[in-house]
Amino acid sequence: MRSARRQRLAVVANEVVGAYVLLRLERGEMEPGVPGQFFMLEAPGQLLPRPMSLCIAPPGELAFLLEPIGPGTRALAGACSGDGIHILGPLGNGFDLDVERPLLVAGGIGMAPMPYLSETLGGPPALLGFRSKSHAEAARLLPGAEVVVEPQLVTELLPDEPGDVLACGPEPMLEAVRELAPDAQLAWEAPMACGYGACYGCVVDVEGRYVRLCVEGPVR
Ligand SMILES: Cc1cc2nc3c(=O)[nH]c(=O)nc-3n(C[C@H](O)[C@H](O)[C@H](O)COP(=O)(O)OP(=O)(O)OC[C@H]3O[C@@H](n4cnc5c(N)ncnc54)[C@H](O)[C@@H]3O)c2cc1C
Ligand code: FES
């Protein structure tokens with residue numbers, strides 16, 4: 001919570017990116033944080049905020065890539081230019097950026113933190129996997145990335161010596177990445193209600209120990 005702030009930010013625009021929506025907010029006084037950290041966004045009409053990774057941080061803006069899958073993400077994706085959205089962050093642990101040979105690996109909406117991560121690391125190689133061509137349109141946010149669409153899996157692109165892997169995606173993908181690159185930094189997901197350690201809603205079992213993913217993750 002060191003540099004976290006809570007502020008109401010104005011929506012600049014909601015842009016369709018294939019099957020996803022890019023929610024662009026005015027930055028206000030908010031810090032973008034370390035790639036892989038997350039923000040809690042209050043979704044219009046919803047009691048609880050929703051965790052989101054920062055996707056891009058152009059001057060004066062913070063932008064989030066949303067997959068509209070339920071009431072919260074659909075409400076955020078439906079926000080209009082000029083609407084106000086309360087956000088809290090940056091929260092949690094981001095990626096360790098002290099890496100020699102970074103390789104970014106993402107699946108599906110795990111793509112969300114990759115553009116900001118890539119920009120911060122100076123544009124390392126990136127591998128992206130999506131379940132359809134429409135989802136794969138999000139790859140335009142990360143020019144130069146190698147892209148596959150199912151049935152091909154992104155893990156099939158991992159070289160024998162993958163270097164320093166930084167990955168985000170669905171749990172089975174992360175487990176597969178860990179098999180191939182045991183030292184990979186992985187950004188995990190769990191349902192989160194507060195985002196700062198108070199509700200224990202995000203507890204996961206890590207090697208027999210229960211941890212709150214919002215404070216001991218999401219990158220582990
Ligand atoms: C640290 C973090 C960063 C995230 N970043 C992004 C992002 O950048 N863009 C994005 O679109 N989504 C992101 N998510 C996931 C997003 O927060 C959830 O999809 C969202 O909260 C779902 O809310 P909803 O009301 O739309 O759907 P709900 O009705 O709450 O959920 C729809 C379905 O998804 C399941 N679900 C909900 N949340 C999660 C979760 N966190 N993990 C696994 N299953 C879940 C539910 O059980 C349900 O089956 C992130 C999650 C975390 C923990
Ligand atoms: S989301 Fe509340 S403790 Fe992690």
Side-chain angles (χ1 to χ4, degrees), residues 2-3 17-18 20 22 31-39 51-59 61-67 89-131 135-150 152-190 204 206 211 213-220:
R2 254 171 310 152
S3 61
V17 184
Y20 304 106
L22 187 69
E31 294 291 335
V34 176
Q37 284 191 291
F38 66 96
F39 292 78
M52 295 290 154
S53 314
L54 184 64
C55 181
I56 47 177
E61 288 187 20
L62 300 176
F64 299 87
L65 189 69
L66 310 174
E67 179 165 28
L91 297 163
N93 299 323
F95 289 100
D96 176 0
L97 304 176
D98 187 13
V99 283
E100 277 180 16
R101 219 157 50 87
L103 174 65
L104 314 190
V105 182
I109 191 59
M111 157 81 193
M114 294 299 158
Y116 179 42
L117 177 61
S118 176
E119 187 196 350
T120 309
L121 289 173
L127 311 175
L128 304 176
F130 296 96
R131 63 179 181 274
H135 290 87
E137 284 183 42
R140 75 170 163 80
L141 298 173
L142 196 51
E146 203 171 335
V147 183
V148 294
V149 174
E150 286 184 18
Q152 195 176 4
L153 301 176
V154 69
T155 42
E156 293 170 29
L157 297 179
L158 273 180
D160 289 341
E161 291 185 14
D164 301 305
V165 173
L166 301 92
C168 185
E171 203 169 313
M173 185 209 102
L174 294 182
E175 297 288 5
V177 169
R178 187 156 59 181
E179 283 284 307
L180 298 164
D183 296 331
Q185 297 183 52
L186 306 173
W188 299 90
E189 268 199 28
V204 291
V206 177
V211 303
L213 199 67
C214 67
V215 288
E216 295 196 43
V219 179
R220 296 185 52 85

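No experiment lies behind these values; they were computed from the predicted model shown.
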Atom [atom1] in [X], atom [atom2] in [Y]: separation rounded to 0.5 Å?
| X | Y | atom1 | atom2 | answer |
| --- | --- | --- | --- | --- |
| Ile56 | Leu117 | CD1 | CG | 14.0 Å |
| Leu65 | Met114 | CG | CE | 12.0 Å |
| Leu142 | Met111 | CG | CE | 5.0 Å |
| Cys168 | Leu174 | SG | CG | 6.5 Å |
| Leu213 | Glu189 | CG | CD | 9.0 Å |
| Phe64 | Leu22 | CZ | CG | 10.0 Å |

Taking all heavy atoms of [X] and all of [Y], pick out the closest pair and write down the distance.
| X | Y | result |
| --- | --- | --- |
| Pro32 | Ala57 | CB-CB, 4.2 Å |
| Pro90 | Phe39 | N-CE2, 3.5 Å |
| Pro159 | Leu103 | CD-CD2, 4.0 Å |
| Val154 | Ala106 | CG2-O, 3.9 Å |
| Glu146 | Leu157 | OE2-CD2, 3.6 Å |
| Ala181 | Pro162 | CB-CG, 4.0 Å |

Show your reasoning for whether side-chain contact (heavy atoms from CB on, under 4.5 Å) applies to Glu216 and Val204. CA-CA 10 Å; Glu216 295 196 43; Val204 291; over 6 Å; no
Evaluate the side-chain proximity of [Y] to [X]: yes if any heavy-atom separation is below 4.5 Å, no if none is.
| X | Y | value |
| --- | --- | --- |
| Cys55 | Leu141 | yes |
| Asp96 | Asp164 | no |
| Pro113 | Phe38 | no |
| Val148 | Glu156 | no |

Using a 6.0 Å cut-off, check whether atom [atom1] of [X] has over 12 heavy atoms from anything other than its own residue.
| X | atom1 | value |
| --- | --- | --- |
| Glu150 | CD | yes |
| Glu179 | CD | no |
| Glu137 | CD | yes |

Stepwise, does the side-chain contact (heavy atoms from CB on, under 4.5 Å) test hold for Leu104 with Leu121? CA-CA 10 Å; Leu104 314 190; Leu121 289 173; 4.2 Å; yes
Sequence neighbours excluded, which residues qualify as ring-ring contact (aromatic ring centres under 6.0 Å, His included) partners of Tyr20?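 Per chain and number, Tyr20 pairs via ring-ring contact (aromatic ring centres under 6.0 Å, His included) with His135.
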Which residues pass the ring-ring contact (aromatic ring centres under 6.0 Å, His included) test with Phe95, not counting sequence neighbours?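 With neighbours one apart ignored, the set is empty.
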Tyr116 side chain to Ser53 main-chain N or O, any donor-acceptor pair under 3.5 Å?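 Not a single qualifying donor-acceptor pair exists.
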Is it the case that the side chain of Gln37 and the backbone of Val34 share a donor-acceptor pair, with hydrogens and angles ignored and the cut-off at 3.5 Å?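 Judged by distance alone, yes, a pair lies under 3.5 Å.
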Option among Val219, Val177, Leu97, Asn93 that satisfies the side chain to side chain contact (heavy atoms under 4.5 Å, CB included) test with Gln185: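 Single pass found, and it is Val219.
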How would you list, by chain and number, every residue that makes a salt bridge (charged side-chain N to carboxylate O under 4.0 Å, His left out) with Arg131, sequence neighbours excluded?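 For Arg131, the residues satisfying salt bridge (charged side-chain N to carboxylate O under 4.0 Å, His left out) (neighbours in sequence not counted) are Glu67.
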